[in-house]
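One structure is given below, encoded as structure tokens.
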Amino acid sequence: MIDKGFVKIDKELKIDYSNNDIRVYMHLLMAANYTDNVVYDRPIKVGQCITSYGSVANALGISVGGVIAAVKHLTKARLIEWQGVRDKYSVCTICDYVDKCKDIKYNFVMLSRSITTTNWYRHEGAAKIYYYLLLHIPPGDNIIIIKPVYLRQLLGLGHSQYSNGLDKLIGDKKITCTKVGRQIQLSLADFASPASSVASPPSAEKKTVSKDNKTSSDTQYYF
């Protein structure tokens, strides 16, 4: 999987946090090709990726049933399109990828693909907390003050999921957390405003073409 570069995310994204919809969507968004390509002899356009229910489940540490449910929700919300090609894989299309992820100019945040290599990426609590902060921290600011019980309910997390997720993010130096009375103050440790961030695809690297023609560039991947 590509783990370099950034993707743009519209902060107006409306998505459910109480289940795995947000995690599956973010995973597919980071997987989407940023250039037209050919994978398994099939044209794959910008905003599409080759994937499967099982590969997404393995990447996120959730059940295949949870992925299928999330895909149904995201498809109904017209955030993605999911097309089964053959038993081995499917093609996922991020709806309006070019408008929402490449050409948007205002009210967006940058998400580094490097998070897919972190030790908290597969943890439901940590991922949900991180994505919530990323999308809800006010523009020009880096602070959210909230009651822990409200945050847990909003993200659909049990106490253990919440506390362990918070610990993982703090330990990985992704967020800071300060107690403020009965509330907590959360900030992203690597926060950068869109104006100071550079959105660019990973640098192209020459790859050896395999004999089975399954991979021929850094944007042709299967996961």
Find the distance between [atom1] ([X]) and [atom2] ([Y]) and round it off to the nearest 0.5 Å.
{"X": "Lys179", "Y": "Ile184", "atom1": "NZ", "atom2": "CD1", "value": "10.5 Å"}
{"X": "Met110", "Y": "Leu134", "atom1": "CE", "atom2": "CG", "value": "10.5 Å"}
{"X": "Ile62", "Y": "Asn58", "atom1": "CD1", "atom2": "CG", "value": "10.0 Å"}
{"X": "Leu29", "Y": "Ile9", "atom1": "CG", "atom2": "CD1", "value": "5.5 Å"}
{"X": "Ile68", "Y": "Ser63", "atom1": "CD1", "atom2": "OG", "value": "8.5 Å"}
{"X": "Tyr132", "Y": "Ile137", "atom1": "OH", "atom2": "CD1", "value": "10.0 Å"}

Which side-chain N or O atoms in residues 159-169 pair as donor and acceptor under 3.5 Å with protein atoms at least two apart or in another chain?
| residue | atom | partner | partner atom | Å |
| --- | --- | --- | --- | --- |
| Ser160 | OG | Asn164 | ND2 | 3.2 |
| Gln161 | OE1 | Gly158 | N | 3.1 |
| Gln161 | NE2 | Glu124 | OE1 | 2.9 |
| Ser163 | OG | His159 | O | 3.0 |
| Ser163 | OG | Ser160 | O | 3.3 |
| Asn164 | ND2 | Ser160 | O | 3.2 |

The single option from Val67, Thr51, Val56 passing side-chain contact (heavy atoms from CB on, under 4.5 Å) against His27: Val56
Residue that, paired with Leu133, satisfies side-chain contact (heavy atoms from CB on, under 4.5 Å) out of Ile146, Ile144, Asn142: Ile144
For residues 170-178, please give each side-chain donor-acceptor pair under 3.5 Å, one per line with the distance, not counting sequence neighbours.
| residue | atom | partner | partner atom | Å |
| --- | --- | --- | --- | --- |
| Asp172 | OD2 | Trp120 | NE1 | 3.0 |
| Lys174 | NZ | Asp190 | OD2 | 2.7 |

Restricting to non-hydrogen atoms, name the atom on [X] and the atom on [Y] that form the minimum distance, rounded to 0.1 Å.
{"X": "Tyr97", "Y": "Gly47", "answer": "CG-CA, 3.4 Å"}
{"X": "Ser112", "Y": "Met30", "answer": "O-SD, 4.0 Å"}
{"X": "Ser90", "Y": "Gly84", "answer": "OG-CA, 3.6 Å"}

[X] vs [Y] side-chain heavy atoms within contact, under 4.5 Å:
{"X": "Leu13", "Y": "Tyr131", "value": "no"}
{"X": "Leu186", "Y": "His136", "value": "no"}
{"X": "Val7", "Y": "Cys101", "value": "no"}

Tyr150 reachable from Leu155 in the ILVMFWY side-chain graph, under 4.5 Å edges: yes
Set of residues satisfying side-chain contact (heavy atoms from CB on, under 4.5 Å) with respect to Lys45, sequence neighbours excluded: Asp36, Gln48
For Gln153, side-chain contact (heavy atoms from CB on, under 4.5 Å) partners two or more places apart: Val149
I'd like a table of donor-acceptor pairs (distance under 3.5 Å, sequence neighbours excluded) in which one partner is a side-chain atom from residues 15-26, with atom names and distances.
| residue | atom | partner | partner atom | Å |
| --- | --- | --- | --- | --- |
| Asp16 | OD1 | Ser18 | N | 2.9 |
| Asp16 | OD1 | Ser18 | OG | 2.8 |
| Asp16 | OD2 | Ser18 | OG | 3.0 |
| Asp16 | OD2 | Asn19 | ND2 | 3.2 |
| Asn19 | OD1 | Asp21 | N | 3.0 |
| Asn20 | OD1 | Arg23 | NH1 | 3.3 |
| Asp21 | OD1 | His73 | ND1 | 3.1 |
| Asp21 | OD2 | His73 | ND1 | 3.2 |
| Arg23 | NH2 | Leu60 | O | 2.7 |
| Arg23 | NH2 | Tyr121 | O | 3.4 |
| Arg23 | NH2 | Arg122 | O | 3.3 |

Steps toward side chain to side chain contact (heavy atoms under 4.5 Å, CB included) verdict (Thr93, Ile80): CA-CA 5 Å; Thr93 302; Ile80 68 169; over 6 Å; no
Side-chain hydrophobic cluster, 4.5 Å single linkage: members besides Ile145: Ile143
